[in-house]
K.L.:
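Handing you this structure, nothing more for now.
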Amino acid sequence: MVYGGDRPGATLQSAFAGGEIPVAVYGLGKMGLPLAAVFADVTGNVTGVDVDDAVVDAVAAGESPVEGEPGLGELVAETSADGSLSATTRSERAAASAQVHVVIVPTLMEETEPDLSMLLAAVDAIGEGLDEGDLVIIESTVPPTTTRDIVTPRLAERSGLDPDEFGVAFCPERTASGRAIQDIRGAYPKVVGGVDAESERVAGLLYDELTSNDVIHAGDATTAECVKVFEGIYRDVNIALANELARVAEPLSVDVTRAIEVANTQPFCEIHDPGPGVGGHCIPLYPHFLTDTVDLDLPLVETSRAVNDEMPRFVSDAVVDLLDEQGVAVDDAAVLVLGVAYRAGVDETRKSPTRPLVSELDALGADVWAADPAVDVASVPDLAASACSMDEVAATADRYDAVVVMTEHDTYRALDFAAFEEAVVVDARNTLGDTPLPTYTVGAGRQ
Ligand SMILES: NC(=O)C1=CN([C@@H]2O[C@H](COP(=O)(O)OP(=O)(O)OC[C@H]3O[C@@H](n4cnc5c(N)ncnc54)[C@H](O)[C@@H]3O)[C@@H](O)[C@H]2O)C=CC1
Ligand SMILES: CC(=O)N[C@@H]1[C@@H](OP(=O)(O)OP(=O)(O)OC[C@H]2O[C@@H](n3ccc(=O)[nH]c3=O)[C@H](O)[C@@H]2O)O[C@H](C(=O)O)[C@@H](O)[C@@H]1O
């Protein structure tokens with residue numbers, strides 16, 4: 001019994017750290033596997049649950065199917081080998097033996113509607129195996145009120161327990177791909193919020209064993225859900241401000257990025273970086289998690305989403321204008337797009353701004369190619385571009401009339417842009433510095 005047993009905090013913590021409290025982590029993806037591995041490293045008693053056989057087989061064999069996470073491969077190998085971490089697809093069976101259930105499966109979006117189907121499937125499996133005194137922790141980002149109004153009643157219904165017989169808390173995953181282990185271990189304070197005081201107390205005690213940082217008690221689950229969604233919305237709105245300011249670079253003949261850099265020397269100013277739009281499966285979603293939940297107009301949040309979603313067209317217009325200056329019609333042009341990942345340091349292409357950019361150029365009749373050192377471009381769905389390997393880029397440089405940098409991969413800074421001969425360049429990330437070619441830089445204007 002973890003919840004409601006009135007066990008003193010220290011006793012509960014030593015039982016948890018001593019492996020006496022079996023933990024199940026549902027979702028062994030980019031965030032879930034690092035989380036399960038750290039839980040296993042701390043408690044020695046974790047079952048990872050995933051619906052993907054290949055993921056489970058890899059983890060059971062001590063291998064990490066998640067790449068690009070420093071330290072993860074070693075931690076999975078170590079915890080699998082010493083029995084701290086096991087893996088299964090049998091969700092209900094894992095739920096029956098666990099006392100702490102941590103859910104970190106995807107929360108996606110259909111158009112602008114949150115899609116909680118994977119979350120609810122995991123919750124249903126947990127409900128089948130939920131016992132009195134268990135604690136369920138949601139780490140997946142969810143629309144505010146989900147934990148209290150959807151997850152908790154669903155668990156009660158599935159398990160036949162009263163809601164006061166088990167604990168539920170929302171403890172958001174505040175982690176970025178590429179640095180998951182260090183983030184989980186304590187880069188930032190861990191936020192916990194319970195559907196009742198005991199849920200929050202127990203969740204706080206367990207995470208206090210996991211993190212080297214502080215544990216912040218939000219007061220309740222809905223407040224904790226708002227913390228996570230607000231963090232993301234703040235970022236989206238702030239990026240939208242930077243992107244809107246970037247538009248004045250040309251009319252004012254000013255380097256807006258430089259002006260932002262200097263403005264940010266004031267401690268209360270933190271304008272983000274202009275770019276080609278906002279990608280990933282988090283920041284573009286979280287505003288909708290809020291606007292879909294409250295029946296209110298939230299014009300700033302909605303407008304910011306629109307400003308960021310308009311940036312791929314802004315970049316496409318810059319390409320057309322530069323080509324026009326050179327007397328090249330866009331429907332006669334070959335365009336190379338450098339970067340399909342939504343940001344540097346990841347191989348993730350979900351909601352990447354490159355997709356709409358390529359669609360815009362393709363619709364204008366351009367012959368579009370795309371290259372990305374971190375991504376298998378040929379296998380990227382819904383990308384209207386021909387794949388070009390980085391090796392081929394150098395060999396075919398004279399093919400292109402325009403080159404567009406969409407992701408700030410270090411590789412691109414090493415490219416010899418003189419090899420692109422007559423091409424024009426749009427640097428949507430302000431990452432190239434000076435080039436020998438006609439260049440438009442988002443944030444700095446015409447170079
Ligand atoms: N990726 C990121 O940068 C961050 C993600 N998050 C949150 O973490 C959640 C998970 O994200 P990722 O790990 O990136 O997703 P992912 O797509 O990399 O992995 C999800 C995993 O969950 C598994 N899965 C799906 N349904 C399941 C079920 N019913 N039971 C068990 N496993 C199931 C999938 O097979 C997959 O292996 C997201 O919803 C997001 O809210 C939070 C912070 C950062
Ligand atoms: C508030 C916050 O910083 N959240 C982080 C974010 O990580 P994520 O991997 O989505 O990357 P990100 O750095 O926010 O970038 C998102 C998108 O926005 C773009 N971007 C980012 C910062 C900026 O100044 N300008 C800009 O255009 C990026 O290129 C990318 O396309 O979302 C994660 C999440 O919640 O999934 C979260 O854990 C991370 O800490």
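Both counts, for ligands and for their atoms, begin at 1 and track the order of listing.
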K.L.:
Would one find more than 12 heavy atoms of other residues, nucleotides or ligands at under 6.0 Å from atom CZ of R413?
P.N.:
yes

K.L.:
Should S91 be listed as contacting ligand 1, given a heavy-atom distance under 4.0 Å as the test?
P.N.:
no

K.L.:
Say whether, by atom type as modelled, one donor and one acceptor occur between the side chain of N308 and the main chain of V278 under 3.5 angstrom.
P.N.:
no

K.L.:
Would you call E310 and R313 a salt bridge, taking side-chain N to carboxylate O under 4.0 Å as the test?
P.N.:
yes

K.L.:
Is the Y412 ring parallel, tilted or perpendicular to the H409 ring (thresholds 30°, 60°)?
P.N.:
perpendicular

K.L.:
Applying side-chain contact (heavy atoms from CB on, under 4.5 Å), name anything that partners A176, two or more places apart in sequence or on another chain.
P.N.:
R179, D183, R343

K.L.:
For the residue pair Y188 and N213, what are the closest heavy atoms and their distance?
P.N.:
C-ND2, 3.3 Å

K.L.:
For a 4.5 angstrom cut-off between non-hydrogen side-chain atoms, does Y342 reach R350?
P.N.:
no

K.L.:
Taking NZ, NE, NH1 and NH2 as the nitrogens, is one of them in R148 or D220 under 4.0 Å from a carboxylate oxygen of the other?
P.N.:
no

K.L.:
For this output row, return yes or no: ring centroids of H272 and Y234 closer than 6.0 angstrom.
P.N.:
yes

K.L.:
Which atoms of ligand 1 have any heavy atom of V49 under 4.0 Å away?
P.N.:
31 (C), 32 (N)

K.L.:
Do any N/O atoms on E139 end up under 3.5 angstrom from N/O atoms on ligand 1?
P.N.:
no

K.L.:
Do other residues, nucleotides or ligands put more than 12 heavy atoms under 6.0 Å from R247 CZ?
P.N.:
yes

K.L.:
Can you find an N or O of M31 that's nearer than 3.5 Å to an N or O of ligand 1?
P.N.:
yes

K.L.:
Please list, in number order, the atoms of ligand 1 under 4.0 Å from a heavy atom of G32.
P.N.:
13 (O)

K.L.:
Do T141 and ligand 1 have an N or O pair less than 3.5 Å apart?
P.N.:
yes

K.L.:
Quick one: look up the protein heavy atom nearest atom 15 (O) of ligand 1 and list residue, atom name and how far away it is.
P.N.:
P106 CG, 3.9 Å

K.L.:
Heavy atoms only: which of R174, K228, E348, K30 is nearest to atom 18 (O) of ligand 1?
P.N.:
K30

K.L.:
Would you call R154 and E157 a salt bridge, using N to O less than 4.0 angstrom?
P.N.:
no

K.L.:
Does any N or O atom in S140 lie less than 3.5 angstrom from one in ligand 1, N or O only?
P.N.:
no

K.L.:
Which label fits F420 and Y400: parallel for a plane angle under 30°, tilted from 30 to 60°, or perpendicular past 60°?
P.N.:
tilted

K.L.:
For ligand 1, find out whether one of its N or O atoms is nearer than 3.5 Å to an N or O atom of I104.
P.N.:
no

K.L.:
Measuring from the heavy atoms of F289, does anything fall under 4.0 Å of ligand 1?
P.N.:
no

K.L.:
With atoms numbered from 1 as shown, which atoms in ligand 1 lie under 4.0 angstrom from a non-hydrogen atom of G27?
P.N.:
22 (O), 31 (C), 32 (N)

K.L.:
To check your reading of the model: name the closest protein heavy atom to atom 19 (O) of ligand 1, its residue, and the distance in Å.
P.N.:
G29 CA, 3.2 Å

K.L.:
Under 3.5 Å between any N/O of Y26 and any N/O of ligand 1: does that happen in this structure?
P.N.:
no

K.L.:
Does this structure show an ion pair linking E92 with R158, if we count only N-O contacts that are shorter than 4.0 Å?
P.N.:
no

K.L.:
Could you identify the single nearest non-hydrogen protein atom to atom 39 (O) of ligand 1 and state the distance to 0.1 Å?
P.N.:
T107 N, 2.8 Å

K.L.:
Nearest protein heavy atom to atom 3 (O) of ligand 1, by residue and atom, and its distance?
P.N.:
S177 OG, 3.5 Å

K.L.:
I want to confirm something. Looking only at heavy atoms, which of V105, V59, D50 is nearest to atom 21 (C) of ligand 1?
P.N.:
D50

K.L.:
Using a cut-off of 6.0 Å, state whether more than 12 heavy atoms not belonging to E244 lie near its atom CD.
P.N.:
no

K.L.:
Closest non-hydrogen protein atom to atom 30 (N) of ligand 1, residue and atom name please, with distance?
P.N.:
V51 CG1, 3.7 Å

K.L.:
Looking at atom 14 (O) of ligand 1, what's its closest protein heavy atom, distance included?
P.N.:
H281 NE2, 3.2 Å

K.L.:
Between the side chains of Y3 and D196, does any donor sit under 3.5 Å from an acceptor?
P.N.:
yes

K.L.:
Under 3.5 Å, is there a donor-acceptor pair linking the side chains of E302 and T291?
P.N.:
no

K.L.:
Looking only at protein heavy atoms, identify the closest one to atom 44 (C) of ligand 1 and say how far it is in Å.
P.N.:
T175 O, 2.8 Å

K.L.:
Could you give the N/O to N/O pairs under 3.5 Å linking ligand 2 and the protein, each with its distance?
P.N.:
{"unit_1": "ligand 2", "atom_1": "3 (O)", "unit_2": "R235", "atom_2": "NE", "d": "3.2"}
{"unit_1": "ligand 2", "atom_1": "9 (O)", "unit_2": "Y342", "atom_2": "OH", "d": "2.6"}
{"unit_1": "ligand 2", "atom_1": "9 (O)", "unit_2": "R343", "atom_2": "NE", "d": "3.2"}
{"unit_1": "ligand 2", "atom_1": "9 (O)", "unit_2": "R343", "atom_2": "NH2", "d": "3.2"}
{"unit_1": "ligand 2", "atom_1": "11 (O)", "unit_2": "R343", "atom_2": "NE", "d": "3.2"}
{"unit_1": "ligand 2", "atom_1": "13 (O)", "unit_2": "R235", "atom_2": "NH2", "d": "2.9"}
{"unit_1": "ligand 2", "atom_1": "14 (O)", "unit_2": "R235", "atom_2": "NE", "d": "2.6"}
{"unit_1": "ligand 2", "atom_1": "24 (O)", "unit_2": "D273", "atom_2": "N", "d": "2.9"}
{"unit_1": "ligand 2", "atom_1": "25 (N)", "unit_2": "D273", "atom_2": "O", "d": "2.9"}
{"unit_1": "ligand 2", "atom_1": "29 (O)", "unit_2": "Y342", "atom_2": "O", "d": "3.4"}
{"unit_1": "ligand 2", "atom_1": "29 (O)", "unit_2": "R429", "atom_2": "NH1", "d": "2.7"}
{"unit_1": "ligand 2", "atom_1": "29 (O)", "unit_2": "R429", "atom_2": "NH2", "d": "3.1"}
{"unit_1": "ligand 2", "atom_1": "31 (O)", "unit_2": "G279", "atom_2": "N", "d": "2.9"}
{"unit_1": "ligand 2", "atom_1": "31 (O)", "unit_2": "Y342", "atom_2": "O", "d": "2.8"}
{"unit_1": "ligand 2", "atom_1": "35 (O)", "unit_2": "K228", "atom_2": "NZ", "d": "2.7"}
{"unit_1": "ligand 2", "atom_1": "35 (O)", "unit_2": "Y286", "atom_2": "OH", "d": "3.0"}
{"unit_1": "ligand 2", "atom_1": "36 (O)", "unit_2": "Y286", "atom_2": "OH", "d": "3.4"}
{"unit_1": "ligand 2", "atom_1": "38 (O)", "unit_2": "T175", "atom_2": "N", "d": "3.1"}
{"unit_1": "ligand 2", "atom_1": "38 (O)", "unit_2": "T175", "atom_2": "O", "d": "2.6"}
{"unit_1": "ligand 2", "atom_1": "38 (O)", "unit_2": "K228", "atom_2": "NZ", "d": "3.3"}

K.L.:
Starting from atom 25 (C) of ligand 1, what is the nearest protein heavy atom, named by residue and atom, and what distance separates them?
P.N.:
M118 SD, 3.6 Å

K.L.:
Evaluate the side-chain proximity of V46 to T79: yes if any heavy-atom separation is below 4.5 Å, no if none is.
P.N.:
no

K.L.:
Taking only heavy atoms of Y286, which atoms of ligand 1 are found under 4.0 Å from at least one of them?
P.N.:
41 (O)

K.L.:
Side chain or backbone, does R350 bring an N or O within less than 3.5 Å of an N or O on ligand 1?
P.N.:
yes

